[in-house]
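Below you'll find the structure, written out as structure tokens, and then a few comments.
Just the heavy atoms: all of them, side chains too, but no hydrogens, waters or symmetry mates, feed the values below. Each chain gets a letter, A, B and so on, in the order its sequence line appears, and its residues count up from 1.
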Amino acid sequence: MPELPDLEVFKRYLDSTSLHQYIEKTEVKSGKVLGSVSVGGLKRGLEGRKFESTRRHGKHLFVELDDGGWLLLHFGMTGGLKYYKDVGEAPTHTRVLFYFANGRHLAFDDQRLFGKVDLIGDPDHFIAEKKLGLDPLDLDFRAFRGRLEGRKGGIKATLMNQQILAGIGNIYSDEILFQARLHPRTSVARLDGDALHNLHEQTRRVLHAAIERGADPGVLPDSFLLSHRREGEDCPRGNGKIQKTKAAGRTAYYCPACQPEG
DNA sequence: AGTACCACCTGACGGC
DNA sequence: TGCCGTCAGGTGGTAC
């Protein structure tokens with residue numbers, strides 16, 4: 001699940017459950033999700049500390065410790081968080097487990113092991129090093145246009161490029177392009193000012209709507225493509241049947257009538 | 001700069 | 001029922 005809206009939901013969840021409590025113990029159940037930090041390094045860095053605040057940038061979640069260090073969480077394709085009391089409630093694919101002094105636990109769950117848990121010195125340094133683009137929710141139209149202007153690629157690939165905009169993935173790029181009525185392979189260079197303006201509007205509208213609904217595609221409005229994102233389904237506008245195609249190396253769903261190619 | 005393909009993993013699903 | 005290919009909301013490397 002984890003694209004920008006999911007990450008925002010994870011951030012709020014962590015904020016409302018896991019801040020300001022001593023971390024008594026950290027257990028690494030799969031070292032594969034660790035970045036550069038070792039198992040011992042993670043334990044030494046976290047045990048006896050507290051989580052004090054969080055920051056989200058695109059698909060990355062940064063958790064500030066009470067000694068100034070930062071925990072970095074990236075959720076890959078299948079990652080998530082669960083805060084719980086009883087051991088039996090642990091999610092199936094718990095990879096890292098934080099034990100708080102109040103007896104509660106926070107699990108970093110990730111079936112496919114593409115997620116990452118790491119310790120870093122400073123989020124801004126990390127963002128600069130990875131050359132991550134700006135978070136689309138932080139961008140006004142001028143800045144948004146500035147990020148896209150001069151690009152030669154397809155619009156779906158561009159929206160999903162984390163070095164251009166940070167946070168949009170395969171699912172939400174499909175939704176944004178449906179709302180903006182753009183075919184996923186439309187060349188960015190062909191978009192005029194009005195098209196860019198509309199794309200910016202739809203990007204913000206889609207991401208905010210998803211966050212408001214807890215990033216649960218099941219409760220999105222019926223007017224959203226995501227409620228109909230299967231080949232042959234009716235387009236929510238009643239204009240045709242949803243088709244799939246390839247764009248940016250991923251499967252893209254779209255309505256050929258609403259989003260004509262070319 | 002942009003794209004296509006592969007790899008990293010686990011699991012669900014459809015076809016036979 | 002069981003096996004097999006394919007695909008899945010991410011990212012990084014390589015090659016063209």
Taking atom P in both C/dC7 and B/dC5, what distance in whole Å separates the two?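 13 Å, rounded to whole Å.
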In whole Å, measure the gap between the P atoms of C/dG10 and B/dA1 for me.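 Roughly 23 Å separates the two P atoms.
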Should the side chain of A/Asp6 and the base of C/dG9 be counted as holding a donor-acceptor pair, with the cut-off at 3.5 Å?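 Between C/dG9 and A/Asp6, which were checked side chain against base, a qualifying N/O pair under 3.5 Å is present.
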Distance-only donor-acceptor test, A/Arg151 side-chain atoms vs B/dA1 base atoms, 3.5 Å: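 Flag unset: no donor-acceptor pair detected.
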Over all strands shown, is [X] touching base, sugar-phosphate only, or nothing at heavy-atom distances under 4.0 angstrom?
X        : value
A/Gly79  : nothing
A/Ala248 : nothing
A/Lys130 : sugar-phosphate

Interatomic distance where [atom1] belongs to [X] and [atom2] belongs to [N] [whole Å]:
X        : N      : atom1 : atom2 : result
A/Glu231 : B/dG14 : CD    : P     : 14 Å
A/Arg95  : B/dT10 : CZ    : C1'   : 8 Å
A/Asn161 : C/dT11 : CG    : P     : 10 Å
A/Lys131 : B/dG2  : NZ    : P     : 15 Å

Aromatic ring pairing A/Phe126/A/His60, orientation class (parallel under 30°, perpendicular over 60°, tilted between):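 Judged by the thresholds at 30° and 60°, the geometry between A/Phe126 and A/His60 is perpendicular.
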Any ion pair linking A/Asp109 and A/Lys82 (charged N to carboxylate O, less than 4.0 Å)?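 Salt bridge between A/Lys82 and A/Asp109, a charged N being under 4.0 Å from a carboxylate O: no.
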With a 4.0 Å limit, can you tell me whether [X] has a side-chain N or O closer than that to the phosphate oxygens OP1/OP2 of [N]?
X        : N      : answer
A/Arg112 : B/dG11 : no
A/Lys59  : C/dT11 : yes
A/His74  : C/dT11 : yes
A/Lys116 : C/dT11 : no
A/Thr251 : C/dA8  : yes

Taking the side chain of A/Pro217 as its heavy atoms from C-beta onward, which of B/dG11, B/dC9, C/dG9 lies nearest to it?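 Shortest atom-to-atom distance from the side chain points to C/dG9.
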Donor-acceptor pair, A/Gln162 side chain versus A/Gly167 backbone, under 3.5 Å?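 Yes, A/Gln162 side chain to A/Gly167 backbone: donor-acceptor pair under 3.5 Å.
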Kindly confirm whether the side-chain ring of A/Phe114 is stacked on the base of B/dC8, judged by centres under 5.5 Å and planes under 30°.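 A/Phe114 vs B/dC8: stacking yes.
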Any chance the side chains of A/Asp222 and A/His228 put a donor and an acceptor closer than 3.5 Å?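 A/His228 and A/Asp222 do have a side-chain donor-acceptor pair below 3.5 Å.
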